Amino acid sequence: MAGRCPEHVARTMKKHLDITPTDWINRRRLEHAARLAETTMLPIIEIAAECGFENLGYFHRLFRARFGATPLRYRAEHRAVM
């Protein structure tokens, strides 16, 4: 779509934004997961699936690295008042 090979896009993105395309996508997916954890009572496994994570362990690892807490603990600490 960009008219460039994926490697060129990845190099350019890393050079200018200091992030790989995969990391950028994962950040967006994790931000969506955090919003769902805050605003819904969906089970964490469903949130992971909704955000495109098939491996729950991988989802937990990335979530904890990004937010400093597991998804369940994050939900408890950031639960939106409804």
Side-chain angles (χ1 to χ4, degrees):
M1 293 178 77
R4 303 282 187 237
C5 71
E7 293 79 13
H8 175 75
V9 173
R11 278 191 311 271
T12 303
M13 199 169 173
K14 182 70 174 168
K15 178 181 176 183
H16 294 287
L17 302 176
D18 197 33
I19 190 169
T20 65
T22 299
D23 289 340
W24 187 87
I25 290 168
N26 281 339
R27 278 190 188 179
R28 298 304 161 285
R29 293 163 71 195
L30 290 168
E31 288 168 3
H32 182 57
R35 276 192 305 276
L36 289 175
E38 291 172 7
T39 60
T40 72
M41 286 307 295
L42 286 173
I44 300 302
I45 194 166
E46 287 184 30
I47 290 174
E50 170 76 21
C51 296
F53 292 98
E54 295 177 10
N55 183 314
L56 193 58
Y58 181 62
F59 169 68
H60 274 263
R61 190 166 47 256
L62 289 180
F63 196 97
R64 187 174 204 161
R66 177 84 171 106
F67 296 106
T70 64
L72 202 54
R73 177 176 226 126
Y74 181 89
R75 171 181 274 167
E77 294 172 355
H78 295 88
R79 185 83 179 126
V81 177
M82 291 187 190

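Computed over heavy atoms, backbone and side chain alike; hydrogens, waters and symmetry mates excluded. This is a predicted model, so every value here is computed, not measured.
In this structure, the side chains of I47 and R75 come closer than 4.5 Å at one or more pairs of heavy atoms. Within the 4.5 Å cutoff, side-chain heavy atoms of R73 are placed close to those of T70. Side-chain contact between T20 and M13: absent, with no pair of heavy atoms (C-beta onward) separated by less than 4.5 Å.
One hydrophobic cluster, built from ILVMFWY side chains closer than 4.5 Å, cannot hold both I25 and L30; they sit in different ones.
Listed by first and then second residue, the ring-ring contact (aromatic ring centres under 6.0 Å, His included) pairs that reach into residues 20-48 come to none, sequence neighbours excluded.
A donor-acceptor pair under 3.5 Å links the side-chain atoms of R79 to the main chain of T40, judged by distance alone. When atom types are taken as modelled, the side chain of R29 and the backbone of C51 share a donor-acceptor pair closer than 3.5 angstrom.
Listed by chain and residue number, nothing satisfies the salt bridge (Lys or Arg N to Asp or Glu O under 4.0 Å) test with R27 (two or more places apart in sequence, or in another chain). Partners of E46 under the salt bridge (Lys or Arg N to Asp or Glu O under 4.0 Å) rule, at least two apart in sequence or in another chain, do not exist in this structure. The side chain to side chain donor-acceptor pair (under 3.5 Å) check on R66 picks up E31, with sequence neighbours excluded. Partners of F53 according to the ring pair (Phe, Tyr, Trp, His ring centres under 6.0 Å) rule, which considers only residues two or more places apart in sequence or in another chain, are F59. Contacts of R4 classified as salt bridge (Lys or Arg N to Asp or Glu O under 4.0 Å), with partners at least two apart in sequence or in another chain: none.
The shortest non-hydrogen separation linking L62 to N26 is CD1-ND2, 3.9 Å. Nearest heavy atoms, F67 versus A34: CZ-CB, 3.7 Å. Closest of all the heavy-atom pairs between P71 and A37 is O-CB, 4.5 Å.
Here the CG-CG distance, from D23 to L17, works out to 11.5 Å after rounding to the nearest 0.5 Å. Atom CD1 of I45 sits about 13.5 Å away from atom CD of E50, to the nearest 0.5 Å.
Environment of CD1 in I19: crowded, with over 12 heavy atoms of neighbouring residues, nucleotides or ligands closer than 6.0 Å.
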What's the verdict on side chain to side chain contact (heavy atoms under 4.5 Å, CB included) for E7 and R11, showing C-alpha distance, side-chain angles and the deciding distance? CA-CA 6 Å; E7 293 79 13; R11 278 191 311 271; 3.7 Å; yes

Between R64 and Y74, does the side chain to side chain contact (heavy atoms under 4.5 Å, CB included) criterion hold? Intermediate values first, please. CA-CA 9 Å; R64 187 174 204 161; Y74 181 89; over 6 Å; no

